[in-house]
Chemist: 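Submitted below is the structure of interest, expressed as structure tokens.
Numbering of residues begins at 1 and proceeds along the displayed sequence.
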Amino acid sequence: PIDTLYAPGDFVLQDAELSRDGRIFLSDRTTVNPGLRVFDGTTWNQLTTSPVDVCLPPSDIVFGRR
């Protein structure tokens with residue numbers, strides 16, 4: 001089923017990526033509290049209590065290879 005993971009309104013969500021370990025990373029560009037939000041890919045519960053600060057509003061999420 002398809003459902004809404006997170007909906008802050010406006011057009012502030014720039015990118016979403018699924019990590020290899022099943023977490024969903026979402027770039028939240030709200031003007032008041034921008035950052036990366038992290039969700040469990042199975043339960044869809046938010047793992048972060050507030051957006052992870054990355055200095056500037058995030059626009060693109062890229063995972064490096066190991």
Side-chain angles (χ1 to χ4, degrees):
I2 297 175
D3 201 357
T4 302
L5 178 67
Y6 177 72
D10 297 324
F11 296 97
V12 296
L13 302 178
Q14 185 73 28
D15 192 17
E17 298 290 336
L18 180 64
S19 67
R20 289 184 181 182
D21 63 357
R23 293 179 293 167
I24 300 168
F25 287 76
L26 183 66
S27 62
D28 182 352
R29 296 178 56 88
T30 54
T31 56
V32 177
N33 199 14
L36 290 177
R37 294 183 180 271
V38 184
F39 295 83
D40 183 299
T42 304
T43 64
W44 288 23
N45 291 325
Q46 186 168 341
L47 301 175
T48 50
T49 55
S50 62
V52 177
D53 183 11
V54 292
C55 296
L56 294 171
S59 59
D60 192 26
I61 301 168
V62 178
F63 298 114
R65 289 185 142 201
R66 285 189 142 189

Chemist: Hey, is the main chain of Val12 close enough, under 3.5 Å, to the side chain of Asp10 for a donor-acceptor pair?
Modeler: no
Chemist: Hey, is the main chain of Pro57 close enough, under 3.5 Å, to the side chain of Arg29 for a donor-acceptor pair?
Modeler: yes
Chemist: Which heavy atom in Pro58 sits nearest to a heavy atom in Asp28, and how many Å separate them?
Modeler: CD-O, 3.7 Å
Chemist: Do Leu36 and Leu26 come close enough that some side-chain heavy atom pair is under 4.5 Å?
Modeler: no
Chemist: Is there a path from Tyr6 to Val52 through hydrophobic residues (I, L, V, M, F, W, Y) whose side chains come within less than 4.5 Å of each other?
Modeler: no
Chemist: Using every non-hydrogen atom in the two residues, find where Arg37 and Pro51 come nearest and quote the distance to one decimal.
Modeler: NH2-CG, 3.5 Å
Chemist: Looking at CD1 of Ile24 and CD of Glu17, how far apart are the two atoms once the value is rounded to the nearest 0.5 Å?
Modeler: 11.0 Å
Chemist: Between Thr30 (side chain only) and Asn33 (backbone N and O only), is there a donor and an acceptor less than 3.5 Å apart?
Modeler: yes
Chemist: Verify, without hydrogens or angle tests, whether Asp15 (side chain) and Ile61 (backbone) share a donor-acceptor contact under 3.5 angstrom.
Modeler: yes
Chemist: Got a donor-acceptor contact below 3.5 angstrom from the Thr43 side chain to the Asn45 backbone?
Modeler: yes
Chemist: Return the minimal non-hydrogen interatomic distance between Asp40 and Leu47, and the atom names on each side.
Modeler: N-CG, 3.7 Å
Chemist: Surrounding CZ of Phe11 (heavy atoms of other residues, nucleotides or ligands, distance under 6.0 Å), is the total greater than 12?
Modeler: no
Chemist: Can you confirm whether or not the ring centre of Phe39 sits under 6.0 Å from the ring centre of Phe25?
Modeler: no
